[in-house]
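For reference, the structure is listed below as structure tokens.
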Amino acid sequence: ENSVRVTGTMNTHFDSIEVNGLQVSISGWSSSFGITIPIVLGENVIVVTGKSENGTVIHEKTITVFRYPSNYLYVDPNGDDANAGNGPGVNALRTISAAVAKAVDGDVINIAAGTYTENLGISKSITLLGESGSNRPIIKPRTDINALIYVTKYGWGTVSVEFENLILDGSGKNVVNALRFYSGTVGSIKNCEIKNIRYQQFVGYGIYAYSAQVSVTDTVMQNIESVGCYANNSSSMTIKNLQYTGKGAGSNHWDFAVYT
């Protein structure tokens with residue numbers, strides 16, 4: 001909704017009642033009022049003020065209303081997968097997997113700071129958006145796996161998935177790929193960190209694209225067993241500002257930031 005209805009009854013005698021500076025009722029005992037106030041995305045502060053005849057504020061009440069985008073789903077360590085997921089905090093879902101299952105094309109999954117241990121498969125055109133700065137959420141593998149996150153499509157059309165402000169950490173498990181994009185998919189990776197990806201010697205890829213179109217921007221990779229960004233089988237990969245840290249002297253010969 002893009003508006004909220006504010007109603008009330010005040011038992012103290014006022015000459016006027018204002019809501020966010022708009023006069024809605026004049027004088028009288030037990031003054032009732034009602035007004036529809038437009039609201040924007042995010043936090044909205046509504047101030048209800050009762051004034052005397054000379055404009056003196058007799059009583060004031062502040063109400064905070066939040067409006068969330070209709071195409072957002074929220075994930076939080078304090079959430080519950082039984083929730084609808086249409087608000088942050090305790091109203092959020094607990095797992096990213098649950099949010100992916102609920103999502104439809106065009107949805108944004110807003111992921112709060114925390115560590116999420118789960119393997120993800122995505123076949124919808126959605127966005128996984130983490131908190132920015134030092135609060136980026138961490139996604140770790142639940143089991144040994146071919147891909148911590150794989151993006152694929154079924155049938156006709158294209159699946160396009162965006163990843164932003166995430167840390168993908170394969171430590172503790174054997175992982176072939178942090179992100180794998182299958183044929184016919186499109187991917188965007190922005191401001192992410194990918195680290196500790198290894199399945200066995202010479203096998204471990206940060207981002208693997210197979211007949212896919214992928215862009216990588218402002219992303220950091222470290223401790224990748226073989227290749228940071230691997231474009232295979234006529235894939236298209238655009239890379240801007242990738243910081244790749246190799247394993248140093250004495251490492252095996254498979255240690256490339258980019259391989260095509």
Take L120 and S97, measure what side-chain contact (heavy atoms from CB on, under 4.5 Å) needs, and give me the verdict at the end. CA-CA 6 Å; L120 300 173; S97 299; 3.3 Å; yes

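- Side-chain atoms of L166 and P137, non-hydrogen and from C-beta on, do get closer than 4.5 Å to each other.
- At a threshold of 4.0 Å, the pair D169-K140 counts as salt-bridged, since one of the basic side-chain nitrogens sits closer than that to a carboxylate oxygen.
- What you find for K102 and L93 is that their closest heavy atoms are CE-CD2, 3.7 Å.
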Before you tell me yes or no, could you show the steps for T64 and N44 under side chain to side chain donor-acceptor pair (under 3.5 Å), namely the whole-Å CA-CA distance, both residues' side-chain angles and the distance that decides it to 0.1 Å? CA-CA 6 Å; T64 302; N44 296 263; over 6 Å; no

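- The local environment of OH in Y230 is crowded, with over 12 non-hydrogen atoms from other residues, nucleotides or ligands closer than 6.0 Å.
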Can R136 and E193 be said to form a salt bridge (Lys or Arg N to Asp or Glu O under 4.0 Å), step by step? CA-CA 9 Å; R136 288 184 299 179; E193 181 179 352; 3.5 Å; yes

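- Around atom OH of Y116, more than 12 heavy atoms belonging to other residues, nucleotides or ligands sit under 6.0 Å away.
- The shortest side-chain heavy-atom distance between I189 and V214 falls under the 4.5 Å cut-off.
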Walk me through whether V216 and I207 qualify under side-chain contact (heavy atoms from CB on, under 4.5 Å). CA-CA 9 Å; V216 183; I207 301 170; 3.7 Å; yes

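- For Y74 and Y68, the gap between ring centers is short of 6.0 Å.
- Checked options N232, N146, N177; the residue passing with Y208 is N232 (criterion: side chain to side chain donor-acceptor pair (under 3.5 Å)).
- Y182 is not listed as a side-chain neighbour of V151, based on a closest heavy-atom distance of 4.5 Å or more.
- In this structure the side chain of M221 never reaches within 4.5 angstrom of the side chain of Q243, judged on heavy atoms.
- The two residues V227 and C229 come nearest to each other via the heavy atoms CG1-O, 3.4 Å.
- Residue-environment remark: CD (Q200) exceeds the threshold of 12 foreign heavy atoms within 6.0 Å.
- Under the side chain to side chain contact (heavy atoms under 4.5 Å, CB included) test applied with Y72, the options N86, V108, D107 reduce to a single match, V108.
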